[in-house]
2 protein chains.
Amino acid sequence: MSDDLTRTPGSLLGGERFEPRRSLAEQIAKHLEDLIVRGVLRSRERVQEQRVARELGVSRGSVREALLILETRHLIEILPRRGAMVTDLTEHSVNSLYEVIVTLYTFMAKKVAQVWQEDDLQPFLELSAQMRCEVEAADQPAFFSSTFEFGQSAIELLKNPYLEEILRDLAPMALRTRFFADTINRNAMVEGLEFYDSLVDAALHRDLVAIERLIHEYYARQQRLVIQALQAQAA
Amino acid sequence: MSDDLTRTPGSLLGGERFEPRRSLAEQIAKHLEDLIVRGVLRSRERVQEQRVARELGVSRGSVREALLILETRHLIEILPRRGAMVTDLTEHSVNSLYEVIVTLYTFMAKKVAQVWQEDDLQPFLELSAQMRCEVEAADQPAFFSSTFEFGQSAIELLKNPYLEEILRDLAPMALRTRFFADTINRNAMVEGLEFYDSLVDAALHRDLVAIERLIHEYYARQQRLVIQALQAQAA
DNA sequence: GTCGTGTCGATTGTCAGACAATTGGCACTG
DNA sequence: CAGTGCCAATTGTCTGACAATCGACACGAC
């Protein structure tokens, strides 16, 4: 953990597209986010601004901003005068997280099913096909990325900025817990594929009841897996 | 707008109770939040860090943090290299906001109705009574404060930190729009009282259907009022 | 007159260095 | 072993600085 964020101000050659080049703080946040999601930084581990600043070769101010960002993503907790620490994953926090996720995803999916018209669902069908390929190729990273785009497409369709931001802030935690679950679920990709397929199908038929059932079942299972993994780790 | 945040480091005499003395950034955020919610700072108005820092007698760094906080509360929008501006209130953004709020409040209320036991609902009954008094006394600030505590009590009961934080971040916007609605609804307090009363009643009977209906109806009306006020202001 | 283009001031993004306040741990004492 | 006091480490905040970028304005071309 001794990277060095290249900070080439305006290099369009950097490959970062045309995006307004994320601020340094966001890059730092992203970096730390990865470490936390992948479990390199463990629960309750301290994250000291001075240390991070030194290691990444940036100023304390920027790290401070990054920590604020990570706090809104529920990845760290900042205690006044005591610094930041990685949030703890407990059975209770996982349950809480999934309650909220299920509520919001259900709302989102139902809404999509209600408002779609013409070929709004085209992107979902394509993603579904793509995911099928990725499962066959056993390309887990690509599959992950596709599930992410799935949610992304739904958000674009609804154009609800509040929902969008809330889900964006919740996503890293969802990913973090999922990282756990998949360690004990070799079948994760197949199950995921089946889930998304059914979801698209239900949306096509505007079957709200099925949507609610599908999401509840899928995430109930995910939740169980995460908690199992958590207990396994504790033991 | 030329206050001066007294920054007495450890003065317990400051009256702030035992709370770990909110950080300066949070005080600044709270200050600006008030200005925005009350409409002193209008939609799309710029909020310049240098200027705020000068006016409040604090450093730019602290203002910067405050702006980050306000962004998570959806009160300002920070554009890279272009600074912060107060978020715009449009028909679309109001609709989006209320969609999310209704979804989350419905979830919350249903959950409370499902899990309460013994005298969990006591605080709500007391608040309800208190609100009745406040309506009779036409004490609008107190009434506002009570509705706030109402939500607070529900959150305490559920102990879901994610829901708690999401709602806390949404609250200022809810308040801001409400400020609008109440300018054209002289009956707001009576309606509110009736709503909360019915809600407590439904929760007592664990009547989930009624809860869903009540919340949808109440906020549909609120939403209409806000949008009316918005249009009236535009004209 | 409208449309590019160059210049300039204002503002943001980031850095370095500084200092007081607070925390947590440690040694010391009874 | 509990209580006390001290010290190092870290956070919260400030000041001052500078490059990059933005918005506006003036200027010149068509």
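Naming: A, B, ... by sequence-line order, numbering from 1 per chain.
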| task | Let me have DNA chain D in dot-bracket notation, would you? Count Watson-Crick plus G-U wobble pairs, both distances under 3.5 Å, and use [ ] for pairs crossing earlier ones and | for inter-strand partners. | result | ||||||||||||||||||||||||||||||

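The closest side-chain heavy-atom distance from B/Met85 to B/Ile76 is not below 4.5 Å. Counting heavy atoms from C-beta outward, B/Tyr162 and B/Leu167 have side chains that stay 4.5 Å or more apart.
Considering every non-hydrogen atom in both B/Ser146 and B/Gln130, the closest pair reads OG-NE2, 3.5 Å. The shortest heavy-atom contact between B/Arg168 and B/Pro172 is O-CD, 3.2 Å. Scanning all heavy atoms of the two residues, the minimum distance from A/Leu97 to A/Ala174 falls at CD2-N, 4.2 Å. Closest approach of A/Glu134 and A/Ala142 over heavy atoms only: OE1-O, 3.4 Å. Heavy-atom minimum distance, B/Ala229 versus B/Ile184: N-CD1, 3.7 Å.
As a whole-Å value, the separation of B/Leu68 CG from C/dT12 C1' is 13 Å. Per the geometry, CD belonging to B/Glu65 stands 14 Å off P belonging to C/dT14, to the nearest Å. To the nearest angstrom, P of C/dG13 lies 11 Å from CD1 of A/Ile69. As a whole-Å value, the separation of A/Gln27 CD from C/dG13 C1' is 12 Å. Atom CG in B/Leu56 sits roughly 10 Å away from atom P in D/dC14 (whole-Å rounding).
Pairs engaging residues 76-89 of chain B under the side-chain hydrogen bond (donor to acceptor under 3.5 Å, both in side chains) rule: B/Thr87-B/Arg176 [sequence neighbours left out].
Side-chain nitrogen and oxygen atoms of A/Ser62 include none within less than 4.0 Å of the OP1 or OP2 phosphate oxygen of C/dG13.
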| remark: With B for base contact, S for sugar-phosphate-only contact and - for none (protein heavy atoms under 4.0 Å), nucleotides 6-11 of chain D reads ----SB

